[in-house]
Each structure stands twice: as C-alpha cells, then as structure tokens.
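Working notes, beginning with the structure itself.
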Amino acid sequence: MNASAPVARRWLFADQLGPHFLDTDDQPVLLVQSRRAFARRRFHRQKAHLVLSALRHRAAELADRCEFRAVDRYTDAAGDRALTVCHPTTRGALALVQRLPGVQVLPARGFVTGMADFAAWADGRGRLLMEDHYRIARRRQGVLMDGDEPAGGRWNFDADNREPPPKPRRGRSGPPTLGVPEPWWPQEDEIDEQVRRDLDRWERDGDVRFVGRDGPRRFAATRDEALQALEHFVAHRLAAFGRYEDAMLADDAWMAHSLLSAPLNLGLLDPLEVVHRVEDAYRGGQAPIAAAEAVVRQILGWRDYVWHLYWYLGPDYPAGNGLRARRGLPDWFAELDADAVQARCLSGVLADLRDHGWVHHIPRLMVLGNFALQQGWDPAELTDWFHRCFVDGYEWVMVANVVGMSQFADGGRITTKPYAAGGAYINRMSDYCGPCVYRPTVRVGEQACPFTAGYWNFLHRHRGELSGNHRMAQPLRGLDRLADLDALLDQERRRGTDPP
Ligand code: SF4
C-alpha cells in the first residue's frame with residue numbers, strides 16, 4: 001500500500017467491533033444501525049439490546065472517525081462510494097456487499113484458521129470430524145504444544161471433563177450452586193438507557209416484536225468490558241470450568257462458564273488472544289490442563305469449525321432434513337413459555353433462556369435440542385429459533401450446531417450418531433429430576449418422563465435410518481426388549497404438541 005494514500009473507510013458490521021477489524025489506528029469507519037434488521041425477525045429482547053448497545057458504544061469510542069448511520073436498509077448508508085469490508089458472517093450480508101460496486105470485500109477476520117486452509121483439509125474427506133480439524137489447528141498455531149506433543153500428554157481431556165454436578169454440601173443453606181465466584185457483570189450506562197428507551201418505543205410502534213424478557217445487560221458490549229470479562233474468568237472461574245462443563249444445576253445457570261461467546265461473536269475479542277491468555281494461565285499454574293484444554297477446544301476447535309462448515313458445506317446445507325422432521329415448533333416453546341411446562345428440566349432451561357437470552361451448551365444440546373429431535377421438529381425452524389433467542393446466536397454459529405450436531409439432519413456428516421438421550425442422562429448430569437413431577441426411569445403412565453418416553457419413541461420412529469449405524473446397535477436392541485412399547489407409542493401419540 002502507498003504510505004501516503006488515504007486508507008479507505010471500513011464498513012464494520014455489528015459483529016466486527018474489535019480493533020482487529022481495522023487496519024490502522026486512525027482508519028475512518030462506517031457503522032450502520034438498521035431498524036429493519038430487527039423488524040425482520042423476532043429476536044430475544046436482550047439480544048437486541050446487546051447488539052445495539054455494542055454498536056453504539058463502538059460508535060461513541062470512535063467519535064469523529066466514525067460515520068454512524070441509523071437507516072432503514074444497509075444500502076441506504078453504503079451508497080455507491082468506496083468502502084472496504086471484512087468478509088461478512090452470513091451469506092445474505094456477503095451477497096449484499098458484493099452487489100455494491102464501490103465495496104471491496106477483504107478476507108474474513110475474527111477466526112483462526114483461514115478458509116483456504118480449512119478447504120484444503122476438508123476436500124475429499126467423507127466425515128468432517130471436529131477432532132481432526134482441532135489437532136491440526138493446535139499444531140499450526142502452536143497452542144498447548146510441548147514441542148511436537150500436546151501439553152499434558154493428551155489431545156483430549158473430555159473424559160476428565162464430564163463430571164456430574166457436585167452434591168450440595170452438608171449444612172450449606174440456599175440452593176445448590178457450583179460455589180465459584182459469580183461471573184463478571186457489566187455496569188449499564190447512559191447508552192444502555194437510550195437503547196432500552198428505543199427498543200421500548202420500537203415495540204410500542206408495533207413494527208418490532210421480541211421474545212424473552214428484558215433484564216440487566218449481562219454480557220460485555222465494549223472491548224474494555226470484554227477484556228475485563230476475560231481476565232475475571234481466567235482469575236476466578238477457569239480452574240473449575242473443565243470438570244463441570246457438561247453438568248447442569250437448576251439454580252446455577254452460569255456455573256463456571258466464561259460467557260465470552262457473546263463478546264467473541266460481536267468481534268470484541270480475537271479468538272487467538274483468548275486462547276493465548278488461557279494457555280498462559282495453564283503455564284503459570286493458575287489452571288489445570290484439563291480446564292485450559294477444554295476452553296481451547298471450544299474456541300480454536302469448535303467455534304472455528306462451525307464457522308468453516310457454514311461456508312464449506314454450501315447454501316443447501318441449512319435445509320438438510322435427513323430424518324424428515326416436519327413438525328412446527330409449538331407456541332409454548334417458540335414463546336419461551338416456561339410456566340406452561342411441568343418437566344422441571346425443560347421448564348427451568350426455558351425460564352433461564354427467557355430471562356437471560358443464554359444457557360450453556362449442555363442445556364442447549366441435551367435439553368432443548370434433544371427434546372426437539374425426539375419430537376420431530378423442523379430443523380430449519382429450530383435453527384432460526386436458536387439464532388433469534390440466544391445472545392451469542394448467529395446464523396453461522398447455529399447452522400452446523402443445530403442441523404448437524406443437535407438434529408442429525410445432515411445424515412451424519414459431522415457426528416457419528418444422534419444426540420438423543422432419555423431422562424437417565426439428565427438425571428446423571430443435573431439436579432433437575434429430584435423434585436420433578438416425572439420420574440426419569442418411568443416410561444409409561446402419569447409419572448412417565450417425557451425425555452425417556454420421547455427417546456424410545458424417537459428410536460422406534462427412526463429404526464430404519466439408524467439400523468446401519470453400529471453406535472446405535474445397542475440402543476436398538478434395548479428397544480426390541482421393551483415390553484410396554486405399544487403403550488408408550490400410544491402415550492406419545494396422544495401427547496401431541498402439548499407442553500410436557
Ligand atoms: Fe426432566 Fe424427566 Fe428429569 Fe423431569 S424426570 S427433570 S422431565 S429428565
């Protein structure tokens with residue numbers, strides 16, 4: 001680049017807000033707020049708040065360098081002038097910027113592995129396993145490596161990281177929690193107040209509707225806040241993260257999770273800086289290898305992997321429906337109506353989602369996704385629901401997570417078997433079942449657990465598709481041994497779409 005040439009104005013989307021999306025410290029910026037984007041879909045109220053708050057905070061930080069445009073459509077702000085933009089994160093946004101003659105599209109930022117490197121790895125492979133991608137990324141980036149060997153002598157500490165929640169300590173009052181310090185919480189400011197007033201007004205005007213409840217902003221909306229959240233997590237919570245990352249507690253939604261997925265997906269943190277900070281904590285004796293590896297796996301492994309699958313698997317992948325699941329989402333689920341549900345796990349998770357716009361990955365996969373899979377709900381509709389209802393949900397995040405992993409709708413391109421489980425799994429990994437009106441071991445009758453009955457119903461419905469999968473052979477043999485299968489199937493038919 002000619003040193004004296006002016007740097008082109010950089011158009012930043014609302015998920016490209018960190019410094020790594022700019023080339024220089026004085027580069028001029030265009031930020032666009034589109035009300036129509038919020039009117040098109042029914043987002044969770046707290047997601048709309050977080051995105052708008054982050055966008056406006058960034059505009060305030062950039063001050064005179066930033067042209068901030070509140071318009072109806074993005075094209076109203078871009079016009080036909082010369083702009084540069086980092087590769088957007090959705091196919092729709094990419095098509096939009098490619099249509100504008102003055103816009104130069106740069107390679108993607110905010111992810112670790114480049115698109116060409118991922119394609120070179122994926123081309124010609126049948127099943128694209130995360131573990132293979134992850135190990136290559138660890139080697140290439142030199143993360144948690146001791147020479148040629150993985151730190152701690154193993155690539156994978158999943159076996160150490162599947163502990164059920166600890167039993168409540170004797171004599172301890174109050175509801176059972178993990179007992180680690182609370183997450184870092186932001187302080188709202190006048191920008192948040194203005195966002196709240198605007199969202200209230202938009203809703204009153206009738207053209208924008210939300211799901212979920214308003215509440216205090218829980219996630220970082222600025223670079224400074226994101227760094228504080230990262231440091232707090234590393235200092236106070238990282239050490240406990242790994243062991244209990246798959247566990248659920250009814251009264252502790254946050255457990256030892258980092259809550260960094262939201263600022264990462266807003267582009268406020270670069271994934272490599274998070275990974276390096278976590279590795280430093282391990283090297284400095286602040287965290288065991290199993291905890292550090294678990295975080296690195298989530299970010300360098302899984303996050304990059306689902307990003308690349310979104311692009312690599314093509315525009316038809318999101319419509320995959322290999323199990324022909326065609327039922328629409330019932331209203332009680334779509335509306336996060338936790339009070340309509342008696343099943344304690346599902347009601348509790350829906351309530352947490354309604355109140356925070358977030359639950360961690362196991363309630364997403366093993367409660368919400370598992371129930372949808374069992375009930376045969378449409379994967380594309382479910383993907384859209386996850387995208388709208390979670391503060392960290394974006395199209396690129398949810399497609400592979402929901403279509404591929406959670407709903408097995410891609411015919412097994414990224415997983416070896418469906419993530420279907422009965423009440424026994426939830427009972428082992430949580431404290432939900434004790435006071436529930438249902439019993440996790442009961443299949444038929446008044447106390448039949450809807451997850452247990454739903455699991456067998458699912459296996460029966462898809463016996464044909466699953467019979468060639470050797471990992472499903474044992475569950476299918478179990479299905480053959482059920483003496484009460486006819487009664488169970490009749491019970492599930494009668495359940496229909498009623499809340500369990
Ligand atoms: Fe959920 Fe079944 Fe346990 Fe109730 S018994 S909490 S429905 S898994």
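Atoms within a ligand are numbered from 1 in the order they appear, just like the ligands themselves. Note that the structure is predicted; figures quoted are calculated from it, not measured. Residue indices begin at 1 and follow the sequence shown.
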Chi angles and distances behind the ring-ring contact (aromatic ring centres under 6.0 Å, His included) call for Trp254, His356:
CA-CA 10 Å; Trp254 317 107; His356 307 305; 4.7 Å; yes
Protein N, O or S atoms at less than 2.8 Å from atom 1 (Fe) of ligand 1, how many?
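There are 1 of them.
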Between Ala420 and Leu373, which heavy-atom pair has the shortest distance, and what is it?
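Looking at all heavy atoms of both residues, the closest pair is CB-CD2, 3.8 Å.
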Quick check, are the ring centers of Trp385 and Phe333 under 6.0 angstrom apart?
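Yes; Phe333 has its ring centre under 6.0 Å from that of Trp385.
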Do the ring centers of Phe241 and His257 come within less than 6.0 Å of each other?
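Ring centroids of Phe241 and His257 are less than 6.0 Å from each other.
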In terms of the angle between their ring planes, are Trp307 and Trp311 parallel, tilted or perpendicular, with boundaries placed at 30° and 60°?
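Perpendicular.
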According to the interplanar angle, ranging from 0 to 90°, do the rings of Phe38 and Trp202 count as parallel (below 30°), tilted (30 to 60°) or perpendicular (above 60°)?
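If you compare the ring of Phe38 with that of Trp202, the planes turn out tilted.
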